Amino acid sequence: MSKGFDLISDIHLDFWVKVENPKHKMLPQIEDFINSILPDNPQNVLVIAGDLGHYNWQNQLLIKELKQVYEHILLVAGNHDFYLVSTNQEKQYQGKSTKRVLEMKELCKEVMNVHYLDGNIIEIDGVKFGGVGIWYDFSYGMKELGYTKEALYSKWWEVMNDSRLIKGLLDKSFTFADEEKKKLDSIVDESDVIITHVGGDWSRVIGNYKFDSVTSFYYFDGSNHFSKLEDKVWCFGHTHQRYDYDAYGCRFVNASLGYPSEGKGRKIVQIEVIK
Ligand SMILES: [Fe+2]
């Protein structure tokens, strides 16, 4: 029996549709945007593997419109979903990025069959989808390139927007990454489809990225799960490089959309789950 789902990540909606009031002005643009990425025959389930956009109320409009097409929508948090991009947003969320994510979760609850996964599993038509945002853990730079955690932290502080725009969450020890990993530990075994924003397998990193310490901020070490992935699908994003490959008996798929400046024409990807 074959059951499939549609997949996308890294939508970064506010880069595709300018945020403006009133809402009714923006709606037709969101509809056009959706039409530009929809496959010919959308399936019942859409998975969005993180990085929706910087404005929750705009994201909610997108979700509501997508719900006209999809019966179920599953999401996990991406790093950009934690961003507070203006002093207004800092005020609105009292300087706490987690408050923005919490609000987005609540906005999703208002729409039927929209599931914001955060260390839990949802079963739809016999397929178990388990999701959590997860966080990069610097392991790539430490294990593959021999950097110290301290050196990588300095680099992260220097080059990543995450260090400036995520507020009140990431301390020096990066305990958030450990908490997210624990959530993942609790769902991997049971899930047929694993959804994370940051990918747990860096084996396909190529070219200059292989030797760049910045790659440490795009993956985490998921190797403790590799022996348990037989016949599963692992959806991830964060890097705006698309991937679709088999490893450890599992299919890894990155169906990122990315920014308009990175190219247009990418669409939602369709996945068949064979059970
Ligand atoms: Fe991301």
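No experiment lies behind these values; they were computed from the predicted model shown. Ligands are counted one by one from 1 in listed order, and the atoms in each one are counted from 1 as well. Computed from heavy atoms alone, side chains included, the values below leave out hydrogens, waters and symmetry copies.
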Can you tell me if His12 and His240 form a side-chain donor-acceptor pair at under 3.5 Å?
yes
Evaluate the ring planes of Trp16 and Phe33, with Trp represented by its six-membered ring, and classify them as parallel (under 30°), tilted (30 to 60°) or perpendicular (over 60°).
tilted
Which N, O or S atom name in His197 marks its closest approach to the Fe ion (ligand 1)?
NE2
When you compare the side chains of Thr196 and Trp234, does any donor N or O come within less than 3.5 Å of an acceptor on the partner?
yes
Asp137 and Ser139: side-chain donor and acceptor closer than 3.5 Å?
yes
Closest approach to the Fe ion (ligand 1) by Asp51, given as the N, O or S atom name
OD2
His238 backbone or side-chain N/O/S under 2.8 Å from the Fe ion (ligand 1)
yes
